[in-house]
Chemist: 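Structure below; questions to follow.
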Amino acid sequence: MDSGIAAILGATVGALGTGGAAAVTGLWGARTVRVQLAAQEAQLRRGLRVDHVRDRREPRREVYADFLAQARAIERALGRYRESHTTDMDAFHREIDKLDHLGVHVLLEGPPPVVSPSQELIRTAHRCIRPLRNSIGLRERFDAGSGECVDAAESVAEAGLVFTAEVRDFAEAARRVLDDDSAVETPAP
């Protein structure tokens with residue numbers, strides 16, 4: 001083989017090797033950049049999701065706390081009616097109206113695991129009106145120690161216990177929702 005051909009062949013092989021190595025390096029580098037960009041995008045999405053969950057949690061906490069505070073006010077009102085033997089139902093109706101109003105906020109803030117217990121709590125509050133009204137009516141007609149009045153007072157107490165259980169159920173559901181970090185913990189790609 002002639003030294004000229006060998007030189008051309010050597011230069012060609014060297015150029016192809018260098019070009020091939022550059023192409024492989026470029027492809028590898030492009031793949032690495034795509035993987036890095038995908039990882040950064042996933043991290044950004046997780047960060048945005050964490051911010052979103054945090055931004056949703058605080059308003060929900062406030063709405064749930066207001067709703068629970070109003071429910072506790074109704075519990076206290078039920079106790080006062082039993083103990084003081086008052087005949088004014090207007091204040092009790094106003095307390096339930098406030099609970100209804102705050103229940104709308106719970107409906108808006110959600111999520112569904114809290115909505116159902118809040119609505120059941122409101123329904124139970126409304127169911128407390130009849131035994132309370134009956135008790136007040138009987139106390140106006142009979143002696144407070146009469147059997148009718150005692151039975152009516154027990155009905156109010158039973159309604160109050162059911163209401164208290166519903167308050168606990170709502171509080172537990174709200175606590176679970178506020179503590180739920182599953183939306184934050186998204187798996188890495």
Side-chain angles (χ1 to χ4, degrees), residues 46 48-186:
R46 279 190 301 271
L48 289 173
R49 182 66 184 150
V50 167
D51 290 344
H52 174 73
V53 168
R54 189 177 303 123
D55 290 345
R56 294 283 293 155
R57 185 174 288 147
E58 185 57 29
R60 282 180 175 167
R61 188 195 65 73
E62 289 177 21
V63 166
Y64 301 164
D66 291 345
F67 186 77
L68 278 171
Q70 186 57 37
R72 296 301 306 255
I74 291 173
E75 280 181 313
R76 287 188 301 277
L78 275 171
R80 281 193 304 272
Y81 276 102
R82 281 192 62 225
E83 294 167 7
S84 68
H85 303 293
T86 184
T87 59
D88 179 23
M89 287 287 294
D90 290 340
F92 190 71
H93 283 287
R94 282 192 300 274
E95 296 296 333
I96 292 177
D97 288 344
K98 288 179 193 175
L99 189 69
D100 280 334
H101 174 74
L102 292 169
V104 171
H105 294 276
V106 174
L107 281 171
L108 291 173
E109 288 295 328
V114 172
V115 170
S116 179
S118 73
Q119 295 306 297
E120 187 56 36
L121 181 59
I122 291 169
R123 282 190 291 276
T124 302
H126 283 279
R127 285 192 292 264
C128 290
I129 293 171
R130 176 173 280 152
L132 191 55
R133 185 181 302 128
N134 289 343
S135 179
I136 291 170
L138 288 171
R139 277 188 304 202
E140 290 174 348
R141 292 192 319 241
F142 298 102
D143 178 41
S146 71
E148 293 89 353
C149 288
V150 170
D151 290 344
E154 286 179 17
S155 293
V156 173
E158 288 172 14
L161 290 174
V162 171
F163 184 76
T164 297
E166 293 294 338
V167 171
R168 280 193 307 265
D169 290 348
F170 174 79
E172 183 58 35
R175 193 173 14 263
R176 279 192 308 268
V177 166
L178 292 173
D179 288 343
D180 184 17
D181 288 336
S182 64
V184 177
E185 298 170 6
T186 52

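FYI, the numbering just counts along the sequence from 1.
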Chemist: Taking only residues two or more places apart in sequence, or in another chain, which ones meet E158 in a side-chain contact (heavy atoms from CB on, under 4.5 Å)?
Modeler: none
Chemist: For P113 and V177, work out which heavy atoms get closest and say how close.
Modeler: CB-CG2, 4.2 Å
Chemist: Check this for me: R72, atom CZ, are more than 12 non-hydrogen atoms of other residues, nucleotides or ligands nearer than 6.0 Å?
Modeler: no
Chemist: Nearest 0.5 angstrom please: D97 CG to Q70 CD, how far?
Modeler: 9.5 Å
Chemist: If we ignore hydrogens and angles and just use 3.5 Å, is the side chain of E75 paired with the main-chain N or O of G160 as donor and acceptor?
Modeler: no
Chemist: Any sub-3.5 Å donor-acceptor pair from S116's side-chain atoms to P112's backbone N or O?
Modeler: no
Chemist: Calculate, to the nearest 0.5 Å, the distance between atoms CG and CG belonging to L68 and L99 respectively.
Modeler: 9.5 Å
Chemist: Would you please name every residue forming a side chain to side chain donor-acceptor pair (under 3.5 Å) with R175, sequence neighbours left out?
Modeler: E172
Chemist: Should we say atom CZ of R127 is surrounded by more than 12 heavy atoms from elsewhere, each under 6.0 Å from it?
Modeler: yes
Chemist: What is the distance from atom CG of L138 to atom CG of D151, rounded to the nearest 0.5 Å?
Modeler: 9.0 Å
Chemist: Determine, step by step, whether S155 and N134 satisfy the side-chain contact (heavy atoms from CB on, under 4.5 Å) criterion, reporting the C-alpha distance in whole Å, the side-chain angles of both residues, the deciding distance to 0.1 Å, and the verdict.
Modeler: CA-CA 9 Å; S155 293; N134 289 343; over 6 Å; no
Chemist: Let me confirm one number: the CD-CG distance from E148 to D143, rounded to the nearest 0.5 Å.
Modeler: 10.0 Å
Chemist: Apply side-chain contact (heavy atoms from CB on, under 4.5 Å) to the pair V63 and R60, showing each step before the final yes or no.
Modeler: CA-CA 5 Å; V63 166; R60 282 180 175 167; 5.7 Å; no
Chemist: Could you tell me which non-hydrogen atom of P131 sits nearest to which non-hydrogen atom of A159, and how far apart they are?
Modeler: CG-CB, 4.0 Å
Chemist: Checking R133 now: which residues fulfil side-chain contact (heavy atoms from CB on, under 4.5 Å) with it, not counting sequence neighbours?
Modeler: M89, H93, I129
Chemist: About how many Å separate OG1 of T124 and CZ of F170, when rounded to the nearest 0.5 Å?
Modeler: 13.0 Å
Chemist: Just how far is it from atom CG of L102 to atom CG of L107, taken to the nearest 0.5 Å?
Modeler: 11.5 Å
Chemist: So which atom in A152 and which in S135 form the shortest heavy-atom distance, rounded to 0.1 Å?
Modeler: CB-CA, 3.6 Å
Chemist: Among E120, Q119, H126, which one satisfies side-chain hydrogen bond (donor to acceptor under 3.5 Å, both in side chains) with R123?
Modeler: E120
Chemist: Please report the closest heavy-atom contact between I74 and A125, naming both atoms and the distance.
Modeler: CD1-CB, 4.4 Å
Chemist: For the residue pair A77 and F92, what are the closest heavy atoms and their distance?
Modeler: CB-CD1, 3.9 Å
Chemist: For I122 and F67: C-alpha separation, side-chain torsions, deciding distance, then whether side-chain contact (heavy atoms from CB on, under 4.5 Å) applies.
Modeler: CA-CA 10 Å; I122 291 169; F67 186 77; 4.0 Å; yes
Chemist: Would you call R61 and E109 a salt bridge, taking side-chain N to carboxylate O under 4.0 Å as the test?
Modeler: no
Chemist: Specify the closest pair of heavy atoms between E95 and A73, including all atoms of both residues, with the distance to one decimal.
Modeler: OE1-CB, 3.6 Å
